[in-house]
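These notes concern the structure reproduced below.
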Amino acid sequence: MPLSTSRMLSVDDLPGPKGWPLLGNLPQLTPARLHRQFDSWCDEYGLMYRVRMAGQRIVVVSDPELNREILRNRPGGFRRQSSIESVMDEMGSNGLFSLEGEAWRRRRKLAMPAFNATHLRGFQPSLEAITERLRQRWEDRSPDDVRAELTRYTVDVTAKLTFDYDINTLEQSGDVIQRHLELIFPILNRRLGMPFPYWRYVKLPDDRALDRALAALRQDLTAVIARARTNLPEQPTNFIEALLLAQDGGEFTDAELFAEALTILIAGQDTTSNAMAWLLYHLAGNPAAQQRIREEVAQIPSVLDRQPYLEAVAAESMRLQPTTPLLAMEAIEDTTIDGVSVPAGTWVIVNVRHAGLQAQNFSAPLTFDPDRWLREGPGNHRPDTALPFGSGPRFCPGRGLAMLEIKSVTSMVCRNFDLSLPPDAEPPSDRFHFAVIPTGMRVNVTPRTVP
Ligand code: HEM
């Protein structure tokens with residue numbers, strides 16, 4: 001619904017769902033369905049509406065221009081929701097994702113070289129070796145749960161990239177670091193979604209296990225950091241070395257390096273594995289797209305080169321299922337959004353998914369059609385409205401690595417396997433859980449006899 005800017009509106013003037021006394025809309029929100037609920041309220045109340053959660057007023061924005069404006073207005077005007085920083089901080093992982101203000105600005109400047117193209121090119125042989133392990137594993141035994149397999153893959157890739165540690169969850173299970181990480185992710189997700197930080201008052205067995213896992217991980221990473229400090233190569237082989245090389249003098253403390261390593265492990269894993277899982281699901285329903293990828297990778301084998309069709313498949317899959325559809329922001333100071341006065345401290349949810357599913361931005365929006373990213377001509381196609389990696393100064397720095405992983409796995413899979421959907425398969429449901437996860441996803445992976 002277009003908002004009139006002729007007089008200043010307040011958040012309470014915005015349309016929005018009717019809620020309960022005291023609790024507001026809290027009882028209507030199921031954490032796993034948050035993205036769906038916010039989309040359907042958007043269809044009902046417009047591109048900017050308000051929600052109430054207990055005492056907190058929340059503005060939900062789904063307009064692509066406003067979204068970009070809000071995301072651009074950082075770190076000065078908006079920050080990530082303050083609960084994110086405090087939860088990460090008490091876990092010792094207050095790094096690039098959760099830092100704010102000047103601390104974030106300084107860290108971003110120091111960290112960005114670690115993600116640059118040269119560093120990624122240097123990492124390519126490791127990526128190839130880990131992708132080959134996945135091929136071998138699927139060759140030996142058809143995967144029952146493709147999503148779980150892809151999670152193992154991204155754990156291996158991010159641990160290798162971050163601190164040159166070969167977890168190798170693809171070939172063995174029971175690694176100590178893997179066990180720590182498996183414990184940390186679900187508890188972190190739970191804490192980020194909790195309206196009340198109970199663990200600061202009462203520790204449940206899971207919370208105590210988390211403390212132990214973090215202490216053990218800190219010990220392992222501190223040893224890696226000490227090695228990197230005493231033996232720093234000219235060209236970094238991992239993220240910690242890249243950070244140390246980027247600093248001018250001894251700027252990073254061990255605690256800061258640990259926070260960054262953990263941040264990368266957290267930010268880089270579920271996002272990428274679930275993006276790949278959705279992509280393989282779409283391909284399984286589109287044998288012609290699998291064949292087009294085979295033909296393209298036969299012509300352009302290196303994932304470091306542009307592979308237009310494969311990249312279009314990735315863009316199309318992330319348009320339909322962005323794995324981070326809601327970016328939770330908070331106004332730092334009193335501000336206005338499209339003529340609505342938004343007081344400091346108001347939560348602003350930037351919905352980056354809705355625009356990608358609208359016919360005025362993408363014709364036949366629910367159809368998986370990678371070619372729309374390649375052709376010019378009739379039909380709506382507004383790529384700038386889909387923001388799967390965010391936007392503005394805090395745009396995802398891991399996009400390059402994520403695309404390399406996506407391209408490596410997809411080209412390996414199409415070259416060596418046929419993907420198909422079991423005839424009785426129901427479409428997976430999408431659960432919001434830090435990233436949007438496909439649950440109940442069934443994909444057949446059959447080795448190809450003709451390479
Ligand atoms: C398909 C995979 C991925 C998706 C969809 C994704 C998405 C996002 C999004 C939406 C943001 C927030 C951007 C914003 O606030 O404007 C973000 C931030 C971030 N991502 Fe990713 N990401 C992916 C992979 C990765 C990988 C592989 C890494 C690291 C190896 C990574 C590291 C980060 C970090 C450190 C931030 C915080 C940046 C900052 O606040 O300055 N991400 N990502």
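Sequence positions, counted from 1, serve as the residue numbers for this chain. In listed order, ligands and their atoms are each counted from 1. All values derive from a computational prediction rather than experimental measurement.
Under a 3.5 Å cut-off, the side chain of Asn416 and the backbone N or O of Met412 do form a donor-acceptor pair. With hydrogens and angles disregarded, a donor-acceptor distance shorter than 3.5 Å links the side chain of Arg68 to the backbone of Asp384. Looking at Gln81, its side chain never comes within 3.5 Å of a backbone N or O of Ala328 through a donor-acceptor pair.
Residue-environment remark: CD (Gln360) exceeds the threshold of 12 foreign heavy atoms within 6.0 Å.
Of all protein heavy atoms, the one lying nearest to atom 34 (C) of ligand 1 is Pro397 CD, 3.5 Å.
Residue contacts with ligand 1: Thr324 is placed with no nitrogen or oxygen under 3.5 Å of a nitrogen or oxygen of the ligand (distance criterion only). Polar contact with ligand 1: present for Arg108 (N/O pair, distance under 3.5 Å).
Under 4.0 angstrom from ligand 1, the non-hydrogen atoms of Thr271 come from both its backbone and its side chain.
Residue nearest to atom 40 (O) of ligand 1, selected from Glu405, Arg72, Arg68, Arg80: Arg80 (by heavy-atom distance).
By the 4.5 Å heavy-atom criterion applied to side chains, Ile184 and Met91 are counted as neighbours.
Heavy-atom separations between Ser391 and ligand 1 include at least one value shorter than 4.0 Å. Ligand 1 has at least one atom lying under 4.0 Å from a heavy atom of Arg74.
Listed by number with element, the atoms of ligand 1 under 4.0 angstrom from any heavy atom of Leu96 are 35 (C), 39 (C), 40 (O), 41 (O). Close contacts of ligand 1 with Thr272, meaning ligand atoms under 4.0 Å from a residue heavy atom, involve 1 (C), 2 (C), 24 (C), 27 (C).
Note that Arg372 lies outside the cation-pi zone of Phe362, set by a 6.0 Å cut-off to the ring centre and a 45° limit from the axis.
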